[in-house]
Amino acid sequence: MSLEFQAAETDPTNWIGSLAYRSKATADLSATELQGLTSNARLRNRKCGVTGMLIHQDGQFFQKLEGPPASLKHIWASISQDPRHDDIEMLSEHIVPARLFSDWDLLVYNSANASPAFGGELAENSGLFSKVPKLVDLALGGDDIGTNTLIASLAEKGWNGDAILAQLIEPTARALGDAWLADDCTELDLTMGLSMLQLAGHAVRHRPTPEAIRETKYSILLATAPGEPHMLGTSMLADLFTDAGWHVDMAFPGSDEALANQLGAQQPDALDIGMSEALSREHTLATLRETIQQSREASPDHLTVVSVGGRMFAEAAATAASVGADHARDSVVGTTVRIAELIRQKRQIRP
Ligand SMILES: Cc1cc2nc3c(=O)[nH]c(=O)nc-3n(C[C@H](O)[C@H](O)[C@H](O)COP(=O)(O)O)c2cc1C
């Protein structure tokens with residue numbers, strides 16, 4: 001397995017690489033062994049400017065790391081050869097505009113051994129994830145004031161907008177979907193909860209990044225999948241792309257034909273098609289593939305990148321390739337930078 005951070009070739013100084021994988025522990029790790037592993041890992045991460053998180057649960061690892069691409073490559077060379085785990089499955093590797101875990105050399109969550117060291121650390125440091133149940137309650141209760149107060153208080157404590165989206169709002173959307181599946185709420189509650197989150201996401205401020213200046217020449221059509229009633233992801237993307245200086249249009253088409261008509265008329269550089277952030281919709285993957293094919297045919301000369309998103313892609317239950325897209329987002333955060341980079345790369349190959 002190798003890491004190829006192609007974007008670093010264009011301007012390595014500003015980019016942060018990010019990778020996420022899951023793997024299986026080859027043997028039961030005691031709390032002491034895990035502590036040994038993570039304290040060494042932290043020291044090395046700090047030395048290399050790498051930050052991230054590691055979850056150890058039910059004999060499995062999930063790790064997300066971010067940092068300068070060369071450092072990540074170096075550390076990954078060790079991790080990928082480590083005999084303490086196998087069945088390594090890379091979930092994502094890409095460039096992000098900012099770190100999500102800037103304060104943590106390695107935030108560790110170990111569910112099996114909630115020893116004071118780990119438990120205390122989680123309670124103290126995983127501030128945003130731990131707010132998910134509270135936001136679920138507020139959203140299901142339709143409490144917009146409570147929701148906005150919670151988000152505002154987190155922003156005051158110094159959480160940046162990207163972290164609030166990726167570590168709180170997106171996980172809360174999935175938790176709402178789970179509540180609906182478990183019959184803990186009605187479809188109306190779910191829809192209302194998602195619109196509460198949409199408002200909350202809207203209130204989150206995004207600082208335009210230095211990359212924004214380089215992105216301004218591009219345009220994107222942000223569409224919900226034909227017939228998809230959930231539009232949380234599309235709405236969050238609208239704020240992110242606008243703040244990054246893109247020309248943004250939105251579409252809520254009822255059919256592939258309506259989407260194709262809009263594409264033909266607007267000729268954007270990129271198209272993002274959003275599925276539900278709350279529910280997996282595996283049965284619609286074939287339909288999505290057809291939508292993407294028709295979209296490309298509607299704008300054969302101009303449409304360069306087709307991106308997809310939604311819970312299925314966030315949880316790696318489906319990939320971009322499986323629906324004929326160029327990009328699948330596991331979070332709305334970082335999408336502007338990744339799509340800009342993809343447009344650049346594809347146009348370099350085929351101007
Ligand atoms: C699940 C898992 C996660 C790890 N995470 C890190 C990490 O974030 N940073 C790190 O330096 N080492 C990490 N390690 C340890 C490395 O695999 C390796 O043992 C350590 O970096 C020393 O590398 P070396 O023996 O190549 O010098 C991890 C190991 C495992 C099994």
Side-chain angles (χ1 to χ4, degrees), residues 1-5 7-8 12 15-130 159-160 162-163 166-167 171 314-317 330-331 333-334 338:
M1 213 173 297
S2 75
L3 280 181
E4 293 303 333
F5 289 106
W15 301 107
I16 296 290
S18 155
L19 72 87
Y21 71 89
R22 65 176 164 228
S23 62
K24 291 203 175 96
T26 41
D28 276 348
L29 280 181
S30 69
T32 319
E33 285 167 329
L34 187 66
Q35 207 153 8
L37 185 160
T38 53
S39 33
N40 285 334
R42 279 196 181 115
L43 282 177
R44 189 166 173 200
N45 290 359
R46 190 170 315 155
K47 231 173 11 199
C48 299
V50 166
T51 48
M53 67 172 287
L54 174 68
I55 296 177
H56 178 235
Q57 187 168 33
D58 301 331
Q60 296 201 311
F61 290 110
F62 171 80
Q63 187 169 33
K64 201 157 181 154
L65 290 172
E66 54 198 18
S71 307
L72 265 192
K73 202 167 182 165
H74 181 59
I75 285 187
W76 178 248
S78 294
I79 297 178
S80 60
Q81 301 293 326
D82 196 308
R84 287 170 285 188
H85 63 169
D86 59 12
D87 274 359
I88 298 176
E89 184 187 352
M90 189 62 93
L91 299 174
S92 68
E93 6 169 345
H94 44 237
I95 298 297
V96 291
R99 292 174 193 259
L100 286 178
F101 300 98
S102 49
D103 293 336
W104 303 302
D105 305 316
L106 194 62
L107 167 66
V108 178
Y109 176 47
N110 174 30
S111 69
N113 301 296
S115 69
F118 290 122
E121 177 182 46
L122 182 72
E124 251 173 58
N125 286 343
S126 69
L128 289 182
F129 286 119
S130 68
W159 289 100
N160 73 37
D162 285 349
Q167 294 174 36
E315 293 182 334
D330 63 353
S331 164
V333 172
R338 290 196 294 276

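For reference, positions follow the sequence shown, starting with 1. Just so you know, ligand 1 is whichever comes first in the structure, and atom 1 is the first atom listed for that ligand.
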Closest non-hydrogen protein atom to [atom], residue and atom name please, with distance?
atom                    : result
atom 3 (C) of ligand 1  : Gln63 OE1, 3.3 Å
atom 16 (C) of ligand 1 : Asp82 OD2, 3.4 Å
atom 28 (C) of ligand 1 : Leu37 CD2, 3.7 Å
atom 26 (O) of ligand 1 : Ser78 OG, 2.7 Å
atom 14 (N) of ligand 1 : Ile79 CG1, 3.9 Å

Checklist entry - Does the protein place any heavy atom closer than 4.0 Å to atom 11 (O) of ligand 1? => result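 Protein heavy atom within 4.0 Å of atom 11 (O) of ligand 1: present.
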
What's the spacing between [X] [atom1] and [Y] [atom2] if we round to 0.5 Å?
X      : Y     : atom1 : atom2 : answer
Trp76  : Glu93 : CH2   : CD    : 8.5 Å
Leu106 : Arg44 : CG    : CZ    : 12.5 Å
Leu37  : Thr32 : CG    : OG1   : 12.5 Å
Lys24  : Ile88 : NZ    : CD1   : 11.5 Å

Checklist entry - For ligand 1, is Phe62 a contact, meaning one of its heavy atoms is under 4.0 Å away? => result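 No, Phe62 has no heavy atom closer than 4.0 Å to ligand 1.
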
Item to check | Option with minimal heavy-atom separation from atom 7 (C) of ligand 1, where the choices are Gly36, Ala41, Ser71, Ala77 | outcome: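 Considering heavy atoms of Gly36, Ala41, Ser71, Ala77, the nearest to atom 7 (C) of ligand 1 sits in Ala41.
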
Which of the ligand 1 atoms, numbered from 1, are nearer than 4.0 Å to a heavy atom of [X]:
X     : result
Arg44 : 11 (O), 20 (C), 21 (O), 22 (C), 23 (O), 24 (P), 27 (O)
Asn45 : 7 (C), 8 (O), 9 (N), 10 (C), 11 (O)
Tyr21 : 1 (C), 2 (C), 3 (C)
Leu65 : 8 (O)

Checklist entry - Is Arg84 in polar range of ligand 1, meaning some N or O pair under 3.5 Å apart? => result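 In this structure, Arg84 places an N or O atom under 3.5 Å from an N or O of ligand 1.
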
Checklist entry - What heavy-atom pair brings Tyr21 and Met90 nearest, and what distance separates the two atoms? => result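 Reported closest heavy-atom pair: CB-CA, 4.0 Å.
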
Next on the checklist: Donor-acceptor pair, distance only, cut-off 3.5 Å: does the side chain of Arg22 make one with the backbone of Glu89?
Outcome noted: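 No: the side chain of Arg22 does not pair with the backbone of Glu89.
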
Item to check | Backbone of Arg84 reached by a side-chain donor or acceptor of Thr26 within 3.5 Å | outcome: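 Checked: pair present.
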
Checklist entry - In terms of heavy-atom contacts, does CG of Asp28 have more than 12 from other residues, nucleotides or ligands at under 6.0 Å? => result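 Result for CG/Asp28: open.
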
Checklist entry - For ligand 1, which part of Ile75 has a heavy atom less than 4.0 Å away: the side chain, the backbone, both, or neither? => result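 The answer is the side chain.
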
Item to check | Pairs involving residues 23-45, ordered by first then second residue, that meet ring-ring contact (aromatic ring centres under 6.0 Å, His included) (sequence neighbours left out) | outcome: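 Qualifying pairs: none.
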
